[in-house]
Amino acid sequence: MTIRAVVKGVGHYLPARTVPNSEFEGKVETSDEWIRARTGIERRHFAAEGETTSDLGAAAARAALADAGLEADALDAIIVATSTPDLTFPSVATMVQAKIGMTRGFAFDVQAVCAGYVYALANANALILSGQARRVLVIGAETFSRILDFTDRSTCVLFGDGAGAVVLEAVGGTGTTEDRGILSTDLNSDGSYRDLLYVDGGVSTSGTAGHLRMQGNQVFRHAVEKLAETAHTALAKVGLDGGDVDWIVPHQANIRIIEGTAKRMQVPMERVVVTVQDHGNTSAASIPLALSVGKERGQIKEGDLLVTEAIGGGLAWGSVVLRW
Ligand code: COA
C-alpha cells in the first residue's frame with residue numbers, strides 16, 4: 001500500500017498591527033502608488049515588541065491542531081521553517097513544542113529562507129513515507145520586520161510578519177494522483193547566487209543579527225524562470241501539467257512574479273491564491289498563510305490539486321504538488 005502525507009488541518013496567525021504602505025511615505029522616498037504598482041503589496045503585519053517568531057508559530061500551530069481536531073501529543077514531530085528565529089538556539093520548533101504543551105516526539109527547524117516551507121513539506125513527507133513519523137506539524141513562521149533596514153526603500157516596504165501551519169498525517173493511498181496528500185516534491189539550490197539576497201550579519205561573522213540586503217531586479221529575473229521550471233518538474237514527476245492544477249499556491253513576494261509564473265505555467269490567475277496585497281512577503285510563512293486563507297475564503301476545497309512554489313536566498317527554490 002502507498003502511504004501519503006495528507007493534510008488534516010491548517011491554520012494561521014497574523015500579528016495585530018497592520019502597517020499600510022502610507023506608513024513608509026515620509027520615512028523613505030516612496031509612495032503607496034509605487035509599492036502597489038511594482039509589487040501588489042497594500043499592507044503587511046508587524047509583530048508587537050516582545051512578540052517572537054515562536055509566539056507566532058505557536059498561535060498558528062494551535063489553529064491548525066484545532067482544525068485537525070487533535071491534541072498536541074497526537075503529533076510525532078514539528079518542523080518549523082524560519083530564517084528569523086527567536087534565538088540562535090534552541091530551535092523555534094522546540095520552543096513551539098513547549099508552548100503548545102507537546103510532551104513527546106521531536107522538533108527541529110529548517111532554513112531555506114523564502115523556499116523554507118517547500119523544504120519543510122518535503123522533509124515532513126520524507127519522515128512520513130519512511131515511517132519515522134505518522135503525524136507532523138509543519139509551520140512557517142517569520143518576523144522579518146526585525147531584520148529590515150528601514151532606511152532602504154528597496155527592501156523595507158516588501159516584507160511582513162506572520163505564521164501558518166499544516167498538520168500532515170500518514171494515510172494509505174492507491175498510488176495514483178487521485179490520492180489525497182503530497183504527490184511529488186522538487187528541491188533545488190545554487191549557492192553561487194549568494195550575493196543576490198542575504199543578511200549582512202550572523203553568529204560567526206559579525207556577531208549581530210544583521211539586515212536584509214537584496215538585488216531585487218536580479219532576484220526577480222531568476223524567480224519567474226525558476227519557479228515555473230520547478231513547478232513543471234514536480235508536476236511532470238507524476239505525469240501532470242498546468243492544465244491539471246486547481247490552485248497554484250505560490251510564495252507571495254510580488255504580484256508580478258506570481259502573474260509571470262502563472263502565465264508560463266499556462267494557468268489563469270483565477271486559479272492562483274493571492275494574499276500578497278494583505279501580507280507582503282512573509283518569507284517561509286507565506287505559503288502556509290496562503291493555504292489557510294485560501295481555505296477560509298472557500299477557494300481551496302478537499303480533493304483540489306495544488307502546486308506550491310517558492311524561491312529565496314541561496315538561491316534556494318522548489319515546489320510541492322499535493323491533493324488537498
Ligand atoms: N519606492 C520608490 N522607488 C523605489 C522603491 C520604493 N520602495 N524601491 C526601489 N525603487 C526605485 C529604485 O531605486 C530604482 O530607481 P532608479 O531607477 O532611480 O535607480 C527604481 O525604483 C527601479 O528599481 P528596480 O529594482 O529596477 O525596480 P523593480 O521594478 O525591479 O522593482 C522590486 C523592485 C524589489 C519590487 C522587484 O525587483 C522585486 O520584487 N524583486 C524580487 C524581490 C523579491 O521578491 N525577493 C524575495 C524573493 S523571496
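Just follow the structure's listing: the first ligand is 1, and inside any ligand the first atom is 1. Each residue takes its place number in the sequence, starting with 1.
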Only one of Phe144, Phe46, Phe24 passes ring pair (Phe, Tyr, Trp, His ring centres under 6.0 Å) with Phe159, and that residue is Phe144

Donor + acceptor pair across side chains of Asn21, Arg44 (<3.5 Å): yes

With sequence neighbours left out, the residues meeting ring pair (Phe, Tyr, Trp, His ring centres under 6.0 Å) with Tyr119 are none

Distance alone, cut at 3.5 Å: any donor-acceptor contact between the side chains of Ser283 and Glu142? yes

List, ordered by chain and residue number, the protein residues whose closest non-hydrogen atom lies under 4.0 Å from any atom of ligand 1. Glu29, Thr30, Trp34, Arg38, Thr39, Cys114, Arg153, Ser154, Val157, Leu158, Met214, Gly216, Asn217, Val219, Phe220, His251, Ala253, Asn254, Arg256, Ile257, Asn281, Ile311, Gly312

From Leu306 atom CG to Trp247 atom CH2, the distance as rounded to the nearest 0.5 Å: 9.0 Å

So how far is it from Asn254 CG to Ile41 CD1, rounded to the nearest 0.5 Å? 7.0 Å

